[in-house]
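Side-chain atoms are counted along with the backbone in the values below, which use heavy atoms only and exclude waters and symmetry mates.
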Amino acid sequence: INAEYMGFADEFNKLNPPKKIDFVEASLIKCLERRKQPILAVEPFLNGKYVKHTNNFGFVSEEDRNTPQAFSHFSYCKSKGELLICDIQGVDDKYTDPQIHSKDGKGFGKGNMGIEGMIKFFKSHRCNSICMMLNLPPHQPKQVDYGTVGYAHNKIPSQLPPQLQPLERKICVERVVEVPVPAGPRCVNGSFKPCS
């Protein structure tokens with residue numbers, strides 16, 4: 001599983017998002033001296049403020065950061081709707097223990113909710129400035145997007161210097177595509193255009 005989501009992270013980073021992401025590498029240890037020789041999953045310690053950005057069933061943290069949301073959306077589009085990487089958590093943009101949903105609901109452990117998990121993600125996902133920068137098909141765009149700038153400067157938007165303050169903008173989706181629930185959400189060609 002490590003190679004799967006790390007490969008998606010590499011592809012995401014090649015597109016030069018405002019913040020690059022990384023996943024810690026997990027390992028398995030078999031405890032030979034213990035009774036029943038249990039196998040443990042271990043990861044390096046992440047120093048800093050640990051945040052759970054999303055889970056595998058539609059939760060989005062109050063911070064609602066753009067990078068984790070855009071990465072999940074990217075994973076779905078890059079896999080042509082076969083996979084969606086969610087349950088994004090970690091320190092800054094160094095993530096740990098993600099969950100992968102697969103279209104067929106197979107593999108990737110008990111947290112793989114299949115298409116139902118993908119639908120839950122897209123019900124709570126609001127496309128943001130990174131989704132737009134990556135040219136991902138639009139899905140419920142944010143009405144006001146403070147972008148990555150506020151988080152990069154560790155300030156709320158009103159505390160940023162004037163040249164970095166986000167502009168409030170309304171975004172309209174050029175067209176709406178209805179998707180039957182059994183088929184799950186799909187990436188479609190589309191574009192954002194400002195409301196007039």
Legend entry - From CZ (F57) to OG (S124), nearest 0.5 Å: 11.0 Å
Legend entry - Test salt bridge (charged side-chain N to carboxylate O under 4.0 Å, His left out) applied to K52 - qualifying residues, sequence neighbours left out: D87
Legend entry - Heavy atoms from other residues, nucleotides or ligands near CG of N47 exceed 12 (cutoff 6.0 Å): no
Inset, instruction - Decide side-chain contact (heavy atoms from CB on, under 4.5 Å) for S129 and N66; before the verdict, give the C-alpha distance in whole Å, the side-chain angles of both, and the deciding distance to 0.1 Å. - result: CA-CA 7 Å; S129 56; N66 287 345; 3.5 Å; yes
Legend entry - Nearest-0.5 Å distance, OG of residue S102 to CG of residue N112: 3.5 Å
Inset, instruction - To the nearest 0.5 angstrom, please state how far the NE2 atom of H53 sits from the SG atom of C86. - result: 13.5 Å
Inset, instruction - Grab the two heavy atoms, one from C127 and one from P137, that are nearest each other, plus how far apart they are. - result: SG-O, 4.0 Å
Legend entry - Pairwise side-chain hydrogen bond (donor to acceptor under 3.5 Å, both in side chains) hits with a residue in residues 7-16, at least two apart: E11-K14, N16-K20
Inset, instruction - Search all heavy atoms of M6 against all heavy atoms of V24 and return the closest pair with its distance. - result: CE-O, 3.7 Å
Legend entry - Separation of S75 OG from E82 CD (nearest 0.5 Å): 12.0 Å
Inset, instruction - Look at the aromatic rings of F23 and Y5 and report parallel, tilted or perpendicular, splitting at 30° and 60°. - result: tilted
Legend entry - Check: F121 ring centre within less than 6.0 Å of F59 ring centre: no
Inset, instruction - Rounded to the nearest 0.5 Å, what's the gap from CD1 on I39 to NZ on K30? Could you check? - result: 5.5 Å
Inset, instruction - Give a yes or no answer on whether the side chain of D22 reaches the backbone of K94 with a donor-acceptor pair at less than 3.5 Å. - result: no
Inset, instruction - For residues H73 and C131, report the shortest heavy-atom separation together with the two atoms involved. - result: ND1-SG, 3.6 Å
Inset, instruction - Would you give the length of the straight line joining atom CE of M113 to atom CG of N55, rounded to the nearest 0.5 angstrom? - result: 9.5 Å
Inset, instruction - List the steps and the verdict of side-chain contact (heavy atoms from CB on, under 4.5 Å) for K19 and R65. - result: CA-CA 11 Å; K19 291 188 174 184; R65 288 210 34 241; 3.7 Å; yes
Inset, instruction - Might you work through the side-chain contact (heavy atoms from CB on, under 4.5 Å) test for T67 and I21, ending with a clear yes or no? - result: CA-CA 8 Å; T67 302; I21 66 167; 3.5 Å; yes
Legend entry - Close side-chain approach of L15 and F74, heavy atoms under 4.5 Å: yes
Legend entry - Set of residues satisfying side-chain hydrogen bond (donor to acceptor under 3.5 Å, both in side chains) with respect to S79, sequence neighbours excluded: none
Inset, instruction - For the pair N56 (side chain) and Q99 (backbone), establish whether a donor and an acceptor sit closer than 3.5 Å, ignoring hydrogens and angles. - result: no
Legend entry - For S27, the option from N2, L40, V42 that meets side chain to side chain contact (heavy atoms under 4.5 Å, CB included): V42
Inset, instruction - Determine, stepwise, if the pair Q89 / Y50 fulfils side-chain hydrogen bond (donor to acceptor under 3.5 Å, both in side chains). - result: CA-CA 7 Å; Q89 55 202 315; Y50 189 91; 3.1 Å; yes
Inset, instruction - For F71 and I88, work out which heavy atoms get closest and say how close. - result: CD2-CD1, 4.0 Å
Inset, instruction - Indicate yes or no for a side-chain donor-acceptor contact from T54 to the backbone of V60 under 3.5 Å, with no hydrogens or angles considered. - result: no
Inset, instruction - Determine yes or no for a side-chain-to-main-chain donor-acceptor pair under 3.5 angstrom, with H101 supplying the side chain and L84 the backbone. - result: no
Legend entry - Which atom of Y95 lies closest to which atom of P68, heavy atoms considered: OH-CG, 3.5 Å
Inset, instruction - Please report the shortest heavy-atom distance between G90 and L46, naming the atom on each side. - result: CA-CD1, 4.2 Å
Inset, instruction - Would you mind checking if R126 and D64 are paired as a salt bridge, meaning a charged N to carboxylate O distance below 4.0 Å? - result: no
Inset, instruction - Carefully, step by step, assess F12 and L134 under the rule side-chain contact (heavy atoms from CB on, under 4.5 Å). - result: CA-CA 9 Å; F12 181 81; L134 297 174; 3.4 Å; yes
